[in-house]
Amino acid sequence: MKLLKLSYTVLVISLFSFTFLVNSAITQDANKNLSWTSPSFDDHSTSFNPQNAFNVDIIGNLEQKWMTTLSQELVFYGNETIHGTSNPLLVNGLIYMVDRSQILVALKADDDSVVWTQQLSVSNPLKYSVIDAGTDIRYITYFDNTVWVLDLDCSITGFNAYNGNPIIEIPPQVLCGDVSPESKPRDIVIRVISAPIFYEEDRIIIASTSGLAPKDRSLSYVVGINLDTQDIVWKTSLVTSPGEILSPGWGQWSIDQEEGIIYIGTGSPSPEWNATYRNGENKYGNSIIALRASTGEIIWNYQTNPHDINNYGCTGNIILGNIEGKKTVYSACMNGYVYALDAETGNLVWYFNPPNVKRLNSENADFVKTNTYDPNKPWLNYPSTDPVVQCPGVFGAVSFNIAMGYDTIYVSTFNSCSEISVSPVTSMGETGITNKSLIYENVGPVNSTLYAIDAITGDVKWSHYFDDLAIRGGITVSGGLVYLPSPKGSVYAFDANSGLNVYTKSFGTLGVFYPPIIGADAYGNWSLIQLVAGTPILHGLGELSGYLFSLGPPSGLIDTATVVTETTDTGLSMIITYSAIAVAIVLLVAIMIVYYRRRS
């Protein structure tokens, strides 16, 4: 009888230990280095994972663990696509992403088996959406054991991370209002759908309308929505006059959870290339803005490019850094400049003008250097209406996201000039250019430069030049390495301190846009996940698929349990969890065997 009571005691202790360990292992805070929960890794949008398992010594030994095929997509010349996938996430051993076919999928990181799928919104003539307009890039995020998707019909849905069931469904009209089903999406140069961010204390989800605006209506605002009631808590306008149109930025914004402040970027006012009917500075355009997360109140606004007539928004990620105890905001805008701002006041700390970036017919973009601009110039070569070359081109001069690690800002710049033919405009929803397809053609030399910039001073630590490549994707920094994807299908890794190219991996002919993410599978094995699915935009020539790759070191090269334990806040890894459960089960079975033997 005593043995039977003991067995029950062991069972209760085992179940309690299992619950405690699993809960400790799967909390978001406990797995900051094991998981990749947002497009730019963390709340501060740094694209920096401080893990040390994948490092300079390990990178050359990586092996392909598996590859899975994505749905096919129309491909443009040069590896460009029209319907982009989302960024991948890796959380608690599961990979999440949206495929081109509008399917949200969860895969096991250890063997690529599908755990669940969810069909997102589909084309519906009775409902406004941008599905049929083509989406070049989109982002998803993870918060509170939930995968969050801002869908192409303006709805926002949180899916249970473990079974895919919708937990919170915010209808389209909350973000976009009552847009008529007959409305058509704005015909924009590149369509990017952002991921929301979260203010934890007040449980507010903050969302951008990037890429969702119709031709006949302005969605020039940022919205804070209560997660529990799905009601709008605040809506902050980004325009100062009726009829003005301004797109919020699309790259991941930063949030200071302690201070309750969010840092956002904004795009260019429209019409982007013809400012005949929008004289003046266009106050909140091309800006970096600090907002109160609980109320949406604008705390400060730093405008990088007043009266933009080149489409040079600050649309990439906004980094919140902490250097020598001083909080600093970093952003690289499409005009090619990198800005460091005091997070409290918005005052300029330093700026960086990349010496390799070519500038032509873009004088207003040099405002930080000249402190002058023309507030009334209608277009870039006014009064002429002849075609004119613009440098930087329509995609700007910087990669879609920058990164911060080791007190260094990493940014990739590129030269890809464009020929612009300005057209008359009759409404604010137009772009102000004729024959939009021609602006994607490169004019003149194409090249890129990766810079490592001292985050304190703005001085260049090192740089690496690429000829005949316009690298527009993102950057990942981790394990003393800087990862950079290439539109020609390769991923480069550079020593973060010296800039030495220590690793190059070719994934074939299809372009690479998203940089790799790094985390652990359910068994604590480290994985580098790389999405290979083309780069955004251009003219169609055929169909190719996309692929998701998992790379990792050979078995035994990394002491997984030791590394995982060192890089979690609780000191508990999934390996330890499973080991504890196994020991408890073995002990329980042994007690039961002894008990039944004595009875017999």
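Sequence positions, counted from 1, serve as the residue numbers for this chain.
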Handout entry: N/O donor-acceptor pair under 3.5 Å between Asp151 side chain and Ser121 backbone
Key = yes
Handout entry: Check against side chain to side chain contact (heavy atoms under 4.5 Å, CB included), Asn165 and Phe159
Key = CA-CA 5 Å; Asn165 293 333; Phe159 298 90; over 6 Å; no
Practice task
Taking the six-membered ring for Trp and the single ring otherwise, decide whether the centroids of Phe513 and Phe400 are under 6.0 Å apart.
Solution key: yes
Exercise for the section: Answer whether the closest heavy-atom distance between the side chains of Leu469 and Ser486 falls below 4.5 Å. Expected result: yes
Exercise for the section: Measure from the side-chain N and O atoms of Lys65 to the backbone N and O of Pro553, and report whether any donor-acceptor pair falls under 3.5 Å. Expected result: yes
Practice task
For this output row, return yes or no: ring centroids of Phe352 and Tyr451 closer than 6.0 angstrom.
Solution key: yes
Fill in the blank from the handout: All heavy atoms of Ser208 vs all of Leu175, minimum pair found to be O-CD2, 4.1 Å
Practice task
Check for a donor-acceptor pair, side chain of Gln252 on one end and backbone N or O of Asp42 on the other, with a separation under 3.5 Å.
Solution key: yes
Problem - Side-chain touch Asn61/Pro554, heavy atoms, less than 4.5 angstrom - result: yes
Practice task
Using atom types as modelled and distance alone, determine if a side-chain donor or acceptor of Asn226 lies under 3.5 Å from a backbone N or O of Ile204.
Solution key: no
Handout entry: Flag side-chain contact, heavy atom, 4.5 Å: Ile197 against Ile262
Key = yes
Problem - Partners meeting salt bridge (Lys or Arg N to Asp or Glu O under 4.0 Å) with Lys108 (sequence neighbours left out) - result: none
Exercise for the section: Could you tell me whether Phe549 and Phe507 have their ring centroids closer than 6.0 angstrom? Expected result: yes
Practice task
Taking Ser155 for its side chain and Asp153 for its backbone only, find out whether a donor-acceptor pair lies under 3.5 Å.
Solution key: no
Practice task
Return yes when atom CD of Glu258 has more than 12 non-hydrogen atoms of other residues, nucleotides or ligands closer than 6.0 Å, and no otherwise.
Solution key: no
Exercise for the section: Could you tell me whether a side-chain N or O of Asn49 sits under 3.5 Å from a main-chain N or O of Ile518, the two making a donor and an acceptor? Expected result: yes
Practice task
For Tyr406 and Phe48, run ring-ring contact (aromatic ring centres under 6.0 Å, His included): C-alpha distance rounded to whole Å, both residues' side-chain angles, the deciding distance at 0.1 Å, then the answer.
Solution key: CA-CA 9 Å; Tyr406 316 114; Phe48 170 63; 5.0 Å; yes
Practice task
For the pair Asn317 (side chain) and Ser45 (backbone), establish whether a donor and an acceptor sit closer than 3.5 Å, ignoring hydrogens and angles.
Solution key: yes
Exercise for the section: Go through the steps to decide whether Phe198 and Trp148 satisfy the test ring-ring contact (aromatic ring centres under 6.0 Å, His included), and finish with yes or no. Expected result: CA-CA 11 Å; Phe198 301 86; Trp148 293 89; 5.2 Å; yes
Practice task
Determine, stepwise, if the pair Asp144 / Thr146 fulfils side-chain hydrogen bond (donor to acceptor under 3.5 Å, both in side chains).
Solution key: CA-CA 5 Å; Asp144 198 19; Thr146 307; 5.2 Å; no
Exercise for the section: Locate the shortest heavy-atom distance separating Asn87 from Pro39; write the atom from each residue and the value. Expected result: ND2-CA, 3.7 Å
Handout entry: Salt-bridge contact Lys461-Asp407 (side-chain N to carboxylate O under 4.0 Å)
Key = no
Exercise for the section: For the residue pair Tyr162 and Asn92, confirm or rule out a side-chain donor-acceptor distance under 3.5 Å. Expected result: yes
Problem - Where Ala109 and Asp521 come nearest, the two heavy atoms and their spacing - result: CB-CB, 3.8 Å
Exercise for the section: Please step through side chain to side chain contact (heavy atoms under 4.5 Å, CB included) for the pair Leu450 and Phe494, ending with a clear verdict. Expected result: CA-CA 10 Å; Leu450 173 64; Phe494 300 88; 3.6 Å; yes
Practice task
Report yes or no: do Ser47 and Asn401 form a side-chain donor-acceptor pair below 3.5 Å?
Solution key: yes
Handout entry: Ser448 side-chain N/O to Ile471 backbone N/O, donor-acceptor pair under 3.5 Å
Key = yes
Problem - Lys/Arg N to Asp/Glu carboxylate O, Arg203 vs Asp228, below 4.0 Å - result: yes
Problem - Candidate pair Tyr483 and Ile517, rule side chain to side chain contact (heavy atoms under 4.5 Å, CB included), full reasoning - result: CA-CA 9 Å; Tyr483 296 89; Ile517 61 174; over 6 Å; no
Fill in the blank from the handout: Residues Ile156 and Ala207: closest non-hydrogen pair is CD1-CB, 3.9 Å
Practice task
Check whether any side-chain heavy atom of Val222 sits under 4.5 Å from a side-chain heavy atom of Thr209, and report yes or no.
Solution key: no
Exercise for the section: Indicate the atoms forming the closest heavy-atom contact of Trp253 with Gly249, along with that distance. Expected result: CZ2-O, 3.5 Å
Exercise for the section: Answer yes if the ring centres of Phe466 and Phe414 are under 6.0 angstrom apart, and no otherwise. Expected result: no
Exercise for the section: Assess the side chains of Gln51 and Ser478: does a donor N or O sit below 3.5 Å from an acceptor N or O? Expected result: yes
Practice task
Indicate yes or no: at least one non-hydrogen side-chain atom of Gln257 is less than 4.5 angstrom from one of Asp43.
Solution key: yes
Practice task
Taking Ser399 for its side chain and Arg472 for its backbone only, find out whether a donor-acceptor pair lies under 3.5 Å.
Solution key: no
Problem - Criterion side chain to side chain contact (heavy atoms under 4.5 Å, CB included) on Ile168 and Leu227, from CA distance to verdict - result: CA-CA 8 Å; Ile168 295 179; Leu227 274 176; 4.1 Å; yes
Exercise for the section: Could you tell me whether a side-chain N or O of Asp99 sits under 3.5 Å from a main-chain N or O of Gln102, the two making a donor and an acceptor? Expected result: no
